[in-house]
Amino acid sequence: MDPKISEKAWNPELEKEILKQWDEEKIYDFTPQDDNFTIDTPPPYPSGRPWHIGAAAHYSQIDMIARTARMAGKNVYFPIGIDRNGLPVELYTEKKHKIRMRETERGEFLNLCREALDDLEAEMILIMKSLGLSGDFTNYYRTDSEEYRTLTQSTFIDLWKKGKVYLANRPNNYDWVSGTTIADAEIIYEDLSTKLVYMKFKIKDTDKEIIIASTRPELLCACKTIIVNPEDERYTQYIGEKIIVPITNAEVELRTHHSAQQEFGSGAVMVCSYGDQNDVALFRELELEEIVAIGLDGRMTKVAGEYTGLKPKQARTKIIEDLETKGFLEKTEDIVHRTPVSERSKAPIEIIPMEEYYLKQKKAVPKMKDLGQEIEFHPPMHKQILMNWLESINIDWPISRRRYYGTEIPIWYCKKCSEPHVPEPGKYYKPWNEKCPISNCTKCDSTEFVGEERTFDTWMDSSVSPLFISKFNRDDEFFKKVYPASIRPQAKDIVRTWLYYTLLRCEQLTGKKPWSEAWVMGYGLDEKGMKMSKSKGNAIDPLPVIEKLGADTFRFWSASEINHGYDFRCNEQKIETTKKFLSKLWNVSRFLSSFPVIESGKPSATDEWILSELDKLVKECKKGYEAYNFFIPAIAIREFTWNVFAAHYIEMVKARAYGIEFSDEERDGAIFTLHKTLSTILKLLAPITPFITEHLWKELYSKDSIHKEKHAEPENIEEQSNVTKEISEFNSKVWNEKKSQNLSLKDSIKIEIPESLEPFKKDLKSMHNLLD
RNA sequence: GGGCUCAUGGUCCAGAUCGGUUAUGACGUCGCCCUUACACGGCGAAAAUCCGGGGUUCAAAUCCCCGUGGGCCCA
C-alpha cells in the first residue's frame, strides 16, 4: 500500500500553482445577491519599503474573515484597494528625487508621486496576492483614481450644500515642514529634550521681580498675560499687578487661573499665542488679543523685532543669550518635554491662526455614540477606544490641507468679490489647473475666477470607502444590496481616525451606519515588544519571509501567535518553527493516503472516542470562527491534530487499518474514522491555511475546491475527555516502561491494561505489542 | 493627570463572562531512540513560590481592593 502522496514534506512552491488554479476557476468571484457579506477592506498606504510585517499578518487575518464567512454560506464581497492620497508619498518623493514640493511645478510633482506610488503599490499587491487573499484583484481600486476622487468631491459638495462645511480663522496645528495644517488626530507626542528657561519679570513700579519658567522664550513677544494658581500663596500679593515682559517691555497683567501648576517651574506661567493647546484655551477664555509670532514659513514674524526671520529654535538660542546679557536670566534647566509633533513629518507643530475649512462634527457626537453602541466590536474591549475619542472631541474637523498629492477641494472664488462657488457633483475637478465650470459669479456676475489650491485631509477620501465599494451614487441597485457593509476590519491605531471619520461621514451622507461589525486588530511589535519602525531598524520585511516559508506557514503563525485584539510580537524564527505543524499535517495526510476513502464504516470504541474529541474540536473552532478570532481554532486544531489524533489515535489504529489480525469490518471502521477526522481537520483549517488544505483536499477527497465547502457542524457527541487523559497516561506508562527496560518500541512487554480502558484493549495490545 | 491593556518555567503563550484534582502547549535546552506517515520525527527529562501586598471564600493564577513594572492611547 504505497501512499498516494509521495513527497515527504509540504513544498511551499505548490502555492503558486494553487493560486493559478483559483484564478482560472474563479472560485472567489462575487455576484451580488439579496444578502451579501461585504468587507470594508482597509486600503493599505504605500509609504515606502519595506511593507510592515504586522500589516501582512493583518491582511492574512482579514482574508480569514472572508474565508470564514464564505464557508458559513455567505455571499462574500471582498474588495481590494490601495490608498494613495496624502503626505507620506510627497515626503518620499521629495527625498527620493532631492526636490522640494513647493519649488517644483505642481503637475510634474504629481507625476513623480504617482510613479513612486505605482512602484510601492506593485509590491503590496504582490504580497497580498502571495498571501492568498481571496479578494477581487482584477478590479482593485485606488483612492486617487478619477472615480474615487469624484466620489470624495461629490460627497463634499453634498455636505457643503447641507451647510456642514464652513471656513474659519482659528489657531491651527501647523506642520511647517510639510507646510500644512493637520488635525488633532495626526499629532503624536514625543519626549524631546529642551531647555526650561527661568526668566526675571519685573513688577511695575516696584523693584521686585518674579521668576517665570518657559520652554518657549522666543514667544515673549506674544505674551499677553501671566497666570498663577489661585491657591499659590507666593503670588497672592501681586494679583492684578502689571508685569513688565523682558526684552519687549510690554506690560501684562498677573491673573489667577486653575490651569497653572504650582509645582511646575516657579508656579507662574506666561500665556503666549501660542505655545500649546492650553494657551489657545486661555486666549479664548480670557478673551485675549492674539499676536502672530510665527508665520506660515515657520519663521518669526515682524512682531519679534530683532528676531524676525529666524526659526523658532534659532530665535530661542539668541533670546536666551540676550536675556543673559541683559540680566533677565535666572537659570536654565535641561528637561525632557512631551512635545506635540506631526505624526508624519515628526516636526514639532506650531499653533498658528489660519483660515481653513471645517466639517461640522461637534454636534454629531451624541449620534456617533449611539451608532458606536449599535456596532458589534471584535473584541468588545476596543469599542472603548472609539468612545474615549468621542468624549474628547471639542472642535470641528479641519479638512483642508496645503499639499499637492490629494483630492482637490472643488471650489472656485470670484476674482472680484471672493464669493466661493462649488460646481455640480459627479465629476472630478482640479481647480488649480482648470477653468471654473460656472460662467458668472452668483453674487456680482463677474466672469473671472480663481481656483482653490488646497487639497483635502486624506481621511476625507478614506472615510467614504464603504460608499465607494458599494458604488454609492453610481449604481443604485448594487448600492442597495451591499450597503451597509457587514464588517470593517482594521488596526487599533486608526480607530480614532479611519473608523470614526467613516462613521461620521457615512452617517451624514446616508443616514445609516456604514457597517454592523468592527473587527480591530492590535499592533505588530518587534520581538522585544517595541513598536517597529524603519528609523529604529527593527522592521521586518515580510516579502522574503513569505517567499522562503510560504504563505500558509506565515498565516498559521499569524493565527496561532496573535490573540485577537492584543498587540503581538513578530519573530522570524518563531514563524519558521510554525512550519513544523504543516509538516505534521502533511505527513498525517501522507499516511492516510495509503488507504482508500470509504464512505461509511462501523466505528469501534476507539473510533467513537476520537470522533467525540473531533466533535469537541468542531465546537471549539465554531466558537472562534463566529467571533472571527482565529487564535482559538488555530491553537485547538494544532493541539488536537498533533497531540491527540497523531500521537495516540493513529498509533492505536495503525495495525487495524492495515488489517493485521483484525476483521474487515474492524479495519473499515478505522479507515473510515481516519478519513472522517482528517477531512474535518482540513475543513476546519481551510480559512487559516488555504493552500495546504486545498492541495491535500484535492489529493484525497475531491476534484472540487475545499473553499467551496461549508464549515463542519458539531454533531453533539457526548464528551469523553477523561478517556483521552487515561489513554495518554497509559501510553506514556508503556513507553516509559519499555525505555527503562531498554526495549525497542516494537518489542513485546507485559503490562496490565486498566479496567477503564477495557473497550480499547485490542487496539492498545496491537499498538504496544502487549502480552496477555 | 485620565483611559485601555498586559504581567504565568530561559523565551512566547493557554487557563475567556462560569473560582474546584498534579497549572496547558509551543520554542529553546539536555538525554535516549530510525518504531513500515513524518529525524521538518518519536519518547523522556530538567525548568513556574502564576509581579508584590491585602481581602472575599471551604477553595483564588482566576473575583475585589491597593501597589509596582511594561506597552499603547488621550490630555
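A, B, ... follow the sequence lines: proteins, then strands. Residue 1 opens every chain.
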A.B. asks: If I pick the C1' atom on A23(B) and the same atom on C30(B), what distance separates them, to the nearest angstrom?
C.D. replies: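 My reading of the C1' atoms in C30(B) and A23(B) gives 23 Å.
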A.B. asks: Are E699(A) and R590(A) close enough for a salt bridge, meaning some N to O gap below 4.0 Å?
C.D. replies: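 Here E699(A) does not pair with R590(A) in a salt bridge, since their nearest N and O are not under 4.0 Å apart.
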A.B. asks: Expressed as a whole number of angstroms, how long is the span from N736(A):CG to G31(B):P?
C.D. replies: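 Atom CG in N736(A) sits about 18 Å away from atom P in G31(B).
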A.B. asks: Could you state the atom-to-atom distance from CD1 of I5(A) to C1' of C40(B) in whole Å?
C.D. replies: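 I5(A) atom CD1 is separated from C40(B) atom C1' by 16 Å.
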A.B. asks: Under a 3.5 Å cutoff on both atom distances, Watson-Crick or G-U, what's the dot-bracket for RNA chain B ([ ] crossing, | other strand)?
C.D. replies: (((((((..(((.......[....))).(((((.......))))).....(((((..]....)))))))))))).
A.B. asks: Test for a donor-acceptor pair under 3.5 Å between the base of C43(B) and the side chain of K739(A), counting only N and O atoms.
C.D. replies: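 Yes, a donor-acceptor pair under 3.5 Å.
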A.B. asks: Out of C38(B), C13(B), A37(B), which nucleotide sits closest to the side chain of F631(A)?
C.D. replies: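 Given the options C38(B), C13(B), A37(B), the side chain of F631(A) is closest to C13(B).
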A.B. asks: Is the number of heavy atoms from other residues, nucleotides or ligands under 6.0 Å of E374(A) CD greater than 12?
C.D. replies: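 Counting neighbours around CD of E374(A), more than 12 heavy atoms of other residues, nucleotides or ligands fall under 6.0 Å, so yes.
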A.B. asks: Identify whether the distance between the nearest side-chain nitrogen and carboxylate oxygen of E517(A) and R488(A) falls below 4.0 Å.
C.D. replies: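 R488(A) and E517(A): not salt-bridged.
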A.B. asks: Of all the nucleotides listed (G44(B), A37(B), U35(B)), which has the minimum atom distance to the side chain of S744(A)?
C.D. replies: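 In terms of side-chain proximity for S744(A), the closest of G44(B), A37(B), U35(B) is U35(B).
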A.B. asks: Tell me whether the side-chain N/O atoms of W642(A) come closer than 4.0 Å to OP1 or OP2 in G42(B).
C.D. replies: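 For W642(A), the contact criterion (side-chain N or O under 4.0 Å from OP1 or OP2 of G42(B)) is met.
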A.B. asks: Mind checking E651(A) for me? I need base, sugar-phosphate or nothing, with any heavy atom below 4.0 Å counting as a touch.
C.D. replies: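 Result for E651(A) = base.
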A.B. asks: Identify the two heavy atoms, one from S463(A) and one from W397(A), that lie closest to each other, and give their separation to 0.1 Å.
C.D. replies: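 For S463(A) versus W397(A), the nearest heavy atoms are OG-CH2, 4.3 Å.
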A.B. asks: From C-beta outward on E639(A), which listed nucleotide comes closest to its side chain: G25(B), G42(B), C72(B)?
C.D. replies: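 Of the candidates, G25(B) comes closest.
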A.B. asks: Give a yes or no on this: more than 12 heavy atoms of other residues, nucleotides or ligands lie within 6.0 Å of atom CD of E729(A).
C.D. replies: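 Correct, the count exceeds 12.
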A.B. asks: So what does K654(A) touch, heavy atoms closer than 4.0 Å: a base, only the sugar-phosphate, or nothing?
C.D. replies: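 Touches a base.
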A.B. asks: Thinking salt bridges, do R656(A) and D607(A) make one under a 4.0 Å N-O criterion?
C.D. replies: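 Yes.
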A.B. asks: Work out how far the C1' atom of G71(B) is from that of G54(B), and round it to whole angstrom.
C.D. replies: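 Going atom to atom, C1' in each nucleotide, I get 27 Å.
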A.B. asks: Provide, to the nearest angstrom, the distance between the CG atom belonging to L745(A) and the P atom belonging to A39(B).
C.D. replies: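 Interatomic distance, CG of L745(A) to P of A39(B): 15 Å.
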A.B. asks: Between C58(B) and U11(B), how far is it from one C1' atom to the other, in whole Å?
C.D. replies: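 Approximately 38 Å lies between the C1' atom of C58(B) and that of U11(B).
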A.B. asks: Is there, by distance only and without an angle test, a donor paired with an acceptor across the side chain of E7(A) and the base of A37(B) below 3.5 Å?
C.D. replies: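 There is none.
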A.B. asks: In this structure, how many angstroms lie between the C1' atom of A26(B) and the CZ atom of F640(A), rounded?
C.D. replies: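 Roughly 19 Å, once rounded to whole Å.
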A.B. asks: Under 4.0 Å: is that the gap between some side-chain N or O of K746(A) and OP1 or OP2 of C33(B)?
C.D. replies: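 Answer is no, no contact under 4.0 Å.
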A.B. asks: Would you measure the distance from the C1' atom in U17(B) across to the matching atom in G55(B) and give it in whole Å?
C.D. replies: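 One C1' to the other, the span is 22 Å.
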A.B. asks: N/O contacts under 3.5 Å, protein versus nucleotides 2-6 of chain B?
C.D. replies:
from	atom 1	to	atom 2	distance (Å)
G3(B)	O2'	N388(A)	ND2	2.7
C6(B)	OP1	Y566(A)	OH	3.4

A.B. asks: Does atom NZ of K369(A) have more than 12 heavy-atom neighbours from other groups under 6.0 Å away?
C.D. replies: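 Counting neighbours around NZ of K369(A), more than 12 heavy atoms of other residues, nucleotides or ligands fall under 6.0 Å, so yes.
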A.B. asks: What's the CD-P distance between Q490(A) and C73(B), to the nearest Å?
C.D. replies: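 Rounding to the nearest Å, CD of Q490(A) and P of C73(B) are 15 Å apart.
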A.B. asks: Please report the distance, rounded to the nearest Å, between OH in Y649(A) and P in C38(B).
C.D. replies: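 Taking OH of Y649(A) and P of C38(B), I get 19 Å after rounding.
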A.B. asks: With rounding to whole Å, what would you report as the distance between C4(B) and G42(B) at their C1' atoms?
C.D. replies: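 Looking at atom C1' only, C4(B) and G42(B) are 45 Å apart.
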A.B. asks: More 5' along RNA chain B: R638(A) or N742(A), using each one's nearest nucleotide?
C.D. replies: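 The residue mapped nearer the 5' terminus is R638(A).
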A.B. asks: For K584(A) and G25(B), what is the distance between atoms NZ and C1' respectively, to the nearest whole Å?
C.D. replies: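 To the nearest whole Å, that distance equals 15 Å.
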A.B. asks: Apply the test side chain to side chain contact (heavy atoms under 4.5 Å, CB included) to residues I681(A) and F645(A): give CA-CA distance (whole Å), side-chain angles for both, the deciding distance (0.1 Å), then the verdict.
C.D. replies: CA-CA 10 Å; I681(A) 290 171; F645(A) 184 52; 4.0 Å; yes
A.B. asks: Could you check whether S593(A) gets within reach of a base, just the sugar-phosphate, or nothing at all, counting any heavy atom under 4.0 Å?
C.D. replies: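 Contact class for S593(A): none.
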A.B. asks: Considering only G71(B), G28(B), C38(B), which nucleotide approaches the side chain of D567(A) most closely?
C.D. replies: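 The listed nucleotide nearest to D567(A)'s side chain is G71(B).
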A.B. asks: Give the rounded distance in Å between these two atoms: CD of E729(A) and P of U22(B).
C.D. replies: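 Going from CD in E729(A) over to P in U22(B) covers 13 Å.
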A.B. asks: How close do K584(A) and A646(A) get, heavy atom to heavy atom, and via which atoms?
C.D. replies: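 For K584(A) and A646(A), the tightest heavy-atom pair comes out as CE-CB, 3.9 Å.
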A.B. asks: C32(B) and G25(B): how far apart are their P atoms, nearest whole angstrom?
C.D. replies: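 Approximately 24 Å lies between the P atom of C32(B) and that of G25(B).
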A.B. asks: Between K579(A) and E576(A), is there a side-chain N and carboxylate O pair less than 4.0 Å apart?
C.D. replies: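 Here K579(A) does not pair with E576(A) in a salt bridge, since their nearest N and O are not under 4.0 Å apart.
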A.B. asks: Which of the following nucleotides, A37(B), C40(B), U35(B), is nearest to the side chain of A9(A)?
C.D. replies: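 When the side chain of A9(A) is considered, C40(B) is the closest of A37(B), C40(B), U35(B).
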A.B. asks: Within a radius of less than 6.0 Å around CD of E718(A), do more than 12 heavy atoms belonging to other residues, nucleotides or ligands occur?
C.D. replies: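 Atom CD in E718(A) is not packed in, count stays at 12 or less.
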A.B. asks: Closer to the 5' end of RNA chain B via nearest nucleotide, is it F591(A) or S583(A)?
C.D. replies: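 Closer to the 5' end of RNA chain B: F591(A).
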A.B. asks: It should be established whether K580(A) places a side-chain nitrogen or oxygen under 4.0 Å from OP1 or OP2 of nucleotide G28(B).
C.D. replies: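 Yes, K580(A) has a side-chain N/O under 4.0 Å of OP1/OP2 on G28(B).
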A.B. asks: Look at the side chain of I650(A) and decide which nucleotide, out of G41(B), A37(B), G44(B), has an atom nearest to it.
C.D. replies: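 Selected nucleotide: A37(B).
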A.B. asks: Hey, can you tell me if F554(A) and W557(A) have their rings parallel, tilted or perpendicular (30° and 60° cut-offs)?
C.D. replies: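 Tilted.
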A.B. asks: Please confirm whether any donor atom in the side chain of K574(A) sits under 3.5 Å from an acceptor in the base of C27(B), or the reverse.
C.D. replies: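 Such a pair does not exist between side chain and base.
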A.B. asks: Roughly how many Å apart are C13(B) and C27(B), using the C1' atom of each and rounding to a whole number?
C.D. replies: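 Between the two C1' atoms, the distance is 11 Å.
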